Structure formats: C-alpha cells, structure tokens
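No experiment lies behind these values; they were computed from the predicted model shown. In this chain, residues are counted from 1 in sequence order.
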Amino acid sequence: MITLRFYKSIIVSAFFFLAASNTIAQSTSTIPVEKALNLAASQYQAYINQQPDSNWHLYSINKNNEVKSVTYKDWTSGFFPGALWYLYRFTKNKKWEDDAKKWTVSLAPAEWVTKTHDLGFILYTSFGNGLNLIHDSTYKNILLQGAKTLIHRFNPVVGSIRSWDGGPWHYPVIVDNLMNLELLFWAAKTSHDTSFSHIAISHLNNALKYRFRKDGSTYHVLDFDPRSGKLLASKTWQGYSDSSCWTRGQAWAIYGLTMAYRYTHNKKYLEYAMKAANYFISQLKKIPDYIPYWDFNDPAIPNTPKDVSAAAIAASGLLELSHYQAVPKSLYYNMAIKILQNLCTDKYLAMPGSNYYFLLKHSVVNKHSNTGVDVPVVYADYYFLQALWRYKNYNTLSSIQ
Ligand code: GLY
C-alpha cells in the first residue's frame, strides 16, 4: 500500500515537473542528426575545397545547373557562414570555427549597405551566430552598426521598414521582413537604445493590422502610400496570386512572430504566431509527407513543385513556438518532428557528393518568375541545421536562441 502510494506520488511529481519545465520526452533515435551533420561536413568541405575565396558564399544553382555563390550584397550571403557556425556549435571542431570566421568577416561591408532591408538576414545569421559562440567584440560592433544602418529604412508615417527600392510599388513591405527585426531587438537589448525596439514594434504592429487574412494565411507584399501611410494594396510577388498564400512567406511569419515574442513577451505576437502556425499545419495535414508545395493555393497541387525551404523554416519556428507556455505544445512539436523526419528521407536529403554542395533538395526561389524552381538553396540547409540543433537541445530553452 505504502509502496503503491509512493510510486503514485513519484509519477504525479514527475508529470508536474515535466509540464512546468516545458520538457518533452524525446526519442533520440527518431531524427538522424549525426547523419545530417556528417553530410554537412562533407558537402561544405567539398565546397570550400573548390571555392576557397571566402568572399563567395554558397547560395543555389543557376539555370545551367552551375553552383551559384554570392557576395555580401546578396540577402542570402549570411546563411553559409551561419551553417558553418551551426556545424561548429554541434561538433566543437576548431576547423569549422576557423571556416565560419573566414566566411563571416567577409560580410563586414554589409554593415553600411542602405539599399537592402535584409541586413538582419545577412548579419544576424553570420555575425549573430558567431557572437553567440565566440563573444568577439568586433562582431558586436558590426551588428550594432548594421542595426543603425537598417533603421534608416524606417518611415514613421507608414510605421514600417521599407522592403524593396525597385519594382512597381510605392512603399512595399514584405512578410519576410519580420525576420530582419531580430537584429533590431538584439541591438536594443545589447545597447539599451530603445529606438531600435520601438521601430521593430511599430513594424510588427503594422504587420498584425494588415498582414493576416481571416483564415490565418498571410499576404506577401503590403504596398503603402509613403506620404499618408495608408495601405494601398495587398499583393504577392513570389506567390501564386494576390489572394493565395505563398508558403515560404507563411513560414517567415511563424518564425518571425515567435522570435518577436521571445524578445518582447507580448502575448499578441504569440497569438499571431499561433495563427500563422495553425494555418500552415492545417495545410500540411492535406499532404502525405508534410512537405509543402511552393504555394498552398496553387490549383496544380499535387503536380507542382515542393518548397523544402519553407518546411525547414517552419520546423525551426515551430520548435521554438512549442516551447512557450499557453500554446498547444504537442501540436507544434509533433508537426516539427514529422517535417524533420521527412526531410531526412532520401527524397529530400542528399547523398554525400550529390546535390552540388547542399544538404536538402527541392526548394523554390521564385516560381512566378521561373527563377530557381526545384533547386537546392542555402537557406533551406541553414534552417534545417538550426532545427536539428533546436531538436537535439530541446529541453533547454536557452539553446533555442
Ligand atoms: N526573402 C526572400 C525569399 O524568401 O525569397
């Protein structure tokens, strides 16, 4: 009798401990993390062997099936060094630290570039990951300067940071831009200068006002009048149509709003992150392997390309989202795991020495303009490695960051 009560109390205490500490019991064998890391090590070493100039950052392939690398001016340039930092974070092998440093410092000129809103993507994935691991003060200064440069693109009348300078727009603000706010939140936290966070919060609140449709899907491009701040149109650039949901944009929304909640603890952002996630998951449930097509509303589904990059971004975002109190934890966690398990099958994960120098196959850059359709892209690999890190270290919230 005493023994039974004793065991019962142990089980009950363990239950409350696990619930209170956000711990999820993991089966470590479900995702082949080591296999993915070995692949990353061999693919990235092969890339570095043939392209030792660290001014060139692995991006994708072009129409002639040649590897495409970019300089610090491209929005994707931070992902290759970011992936190297994850490889170092996982392995603690000094060789990857040295390579990550080399491919990071070549991006330093980006701290002054005012022509892009993507300084968060470029600098935070490279210098941000590096700073987290090696605490180099020059990295900190470059990030702070990058944040100062980025806020030049903020128009207080619109209340948002401008995305693109060209195109048929008046003042375009795209869903992807939520991701660049991490640089500003980090800068506010580090420098105690709240002008960075005020701008990020204004941008976010505008996003909540106009970005979402009733069903939780998002518009890609919001075009504002820069003089009055009025919303002129809700459009797409990379999606199937203005009224469809571009899959990667929805993944940026999940990740970006979850990140915003991490920095602000504002429940409104968590609520909207869940809205974005719930829509994404409702669409994935219609797809047998849970890897989405490039647009959730392309009428050609299932005879249309998948976008693995959206799957990887969403998996990483969902793992963080599932960590917070007051969310349906297992819904988000289990979906992230299903995505990762499928990404680790031969259909999506490359064999060493194949798929150029990339880990994942089958992403889409821009189907609308027929650029990079069914290709490997470095941002799919970066968020895949990050998701694996978040999975492996799930029970410590600080490793999510
Ligand atoms: N941020 C550009 C893209 O997702 O294609």
Side-chain angles (χ1 to χ4, degrees), residues 75 116-118 120-121 153-155 157-181 199-226 228-261 268-284 292-301 304 307 309-311 313-314 317 321 364-369 371 379:
W75 81 274
T116 179
H117 70 130
D118 282 326
F121 276 124
R153 297 183 68 84
F154 179 71
N155 175 340
V157 177
V158 177
S160 297
I161 294 165
R162 184 182 183 123
S163 295
W164 305 316
D165 290 337
W169 321 101
H170 300 85
Y171 192 98
V173 182
I174 64 173
V175 65
D176 326 25
N177 202 350
L178 290 171
M179 301 293 287
N180 289 308
L181 303 181
I199 287 174
I201 284 167
S202 166
H203 186 103
L204 270 164
N205 291 343
N206 233 9
L208 299 197
K209 211 152 132 199
Y210 301 116
R211 185 64 66 191
F212 281 84
R213 301 187 186 94
K214 279 210 171 68
D215 62 0
S217 67
T218 50
Y219 294 105
H220 181 200
V221 187
L222 302 176
D223 195 22
F224 291 94
D225 179 340
S228 67
K230 243 183 96 200
L231 179 70
L232 298 172
S234 309
K235 313 284 276 182
T236 196
W237 183 248
Q238 278 155 274
Y240 177 78
S241 74
D242 293 342
S243 59
S244 75
C245 180
W246 174 49
T247 308
R248 189 159 64 250
Q250 192 73 14
W252 291 140
I254 298 171
Y255 191 118
L257 288 159
T258 305
M259 173 277 295
Y261 176 71
K268 213 162 58 169
Y269 304 145
L270 190 66
E271 220 176 88
Y272 275 86
M274 285 163 61
K275 229 185 225 279
N278 293 347
Y279 179 83
F280 201 96
I281 291 172
S282 72
Q283 300 304 306
L284 289 196
Y293 298 91
W294 69 284
D295 188 295
F296 284 124
N297 307 112
D298 181 352
I301 289 174
T304 199
D307 182 9
S309 74
I313 297 158
L321 183 57
V364 170
V365 176
N366 188 348
K367 170 112 176 11
H368 211 51
S369 65
T371 318
Y379 40 91

Pairwise salt bridge (charged side-chain N to carboxylate O under 4.0 Å, His left out) hits with a residue in residues 273-282, at least two apart:
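Counting only pairs at least two positions apart or across chains, no salt bridge (charged side-chain N to carboxylate O under 4.0 Å, His left out) contact touches residues 273-282.
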Tell me the salt bridge (charged side-chain N to carboxylate O under 4.0 Å, His left out) pairs involving residues 237-258, sequence neighbours left out?
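Sorted pair list: Lys235-Asp242, Arg248-Asp307.
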By ring pair (Phe, Tyr, Trp, His ring centres under 6.0 Å), which residues pair with [X], not counting sequence neighbours?
X	value
Phe224	Tyr210
Trp294	none
Tyr379	Trp75, Phe79
Tyr279	Phe296

Side-chain donor/acceptor of [X] to backbone N/O of [Y], under 3.5 Å:
X	Y	answer
Asn297	Cys245	yes
Ser217	Asp215	no
Gln238	His368	no
Asp295	Thr247	no
Asn180	Phe121	yes

Closest non-hydrogen atom pair between [X] and [Y], with its separation:
X	Y	result
Ile301	Thr304	CG1-CG2, 3.7 Å
Ser163	Val173	OG-CA, 3.4 Å
Ala277	Leu321	CB-CD2, 3.7 Å
Ala273	Thr258	CB-OG1, 3.5 Å
Val221	Pro172	CG1-CB, 4.0 Å
Arg213	Ser244	NH2-O, 2.8 Å

Do [X] and [Y] have side chains that get closer than 4.5 Å, going by heavy atoms?
X	Y	result
Lys268	Asn205	yes
Leu208	Leu257	yes
Tyr293	Asp298	no
Leu284	Pro292	yes

Would you please name every residue forming a side-chain contact (heavy atoms from CB on, under 4.5 Å) with [X], sequence neighbours left out?
X	result
Tyr261	Tyr269, Leu270, Tyr324
Ala200	Leu181, Leu184, Phe185
Ile281	Lys285, Leu318, Leu331, Tyr332, Met335
Ala314	Ala251, Ile254, Phe280

So how far is it from [X] [atom1] to [Y] [atom2], rounded to the nearest 0.5 Å?
X	Y	atom1	atom2	answer
Asn177	Arg211	CG	CZ	8.5 Å
Ser309	Trp252	OG	CH2	7.0 Å
Tyr219	Ser243	OH	OG	8.0 Å
Gln250	His220	CD	NE2	12.0 Å
Leu178	Ile161	CG	CD1	10.0 Å
Arg153	Ile199	CZ	CD1	13.0 Å

Would you sort out whether Asp176 and Trp246 count as a side-chain contact (heavy atoms from CB on, under 4.5 Å), showing the intermediate values?
CA-CA 11 Å; Asp176 326 25; Trp246 174 49; 3.6 Å; yes
Would you please classify the geometry between the Trp169 ring and the Trp237 ring as parallel, tilted or perpendicular, with 30° and 60° separating the classes?
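Rings of Trp237 and Trp169: perpendicular, as their planes differ by over 60°.
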Apply the test side-chain contact (heavy atoms from CB on, under 4.5 Å) to residues Ile174 and His117: give CA-CA distance (whole Å), side-chain angles for both, the deciding distance (0.1 Å), then the verdict.
CA-CA 10 Å; Ile174 64 173; His117 70 130; 3.7 Å; yes
Start with the C-alpha gap between His170 and Asp225, add the side-chain angles, then the distance that decides, and say whether side chain to side chain donor-acceptor pair (under 3.5 Å) holds.
CA-CA 6 Å; His170 300 85; Asp225 179 340; over 6 Å; no
Could you pull out all residues at least two apart from Ser160 that satisfy side chain to side chain donor-acceptor pair (under 3.5 Å)?
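Listed in chain order: Asn206.
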Which residues share a side chain to side chain donor-acceptor pair (under 3.5 Å) with Arg162, sequence neighbours left out
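So Arg162 forms no side chain to side chain donor-acceptor pair (under 3.5 Å) with any residue.
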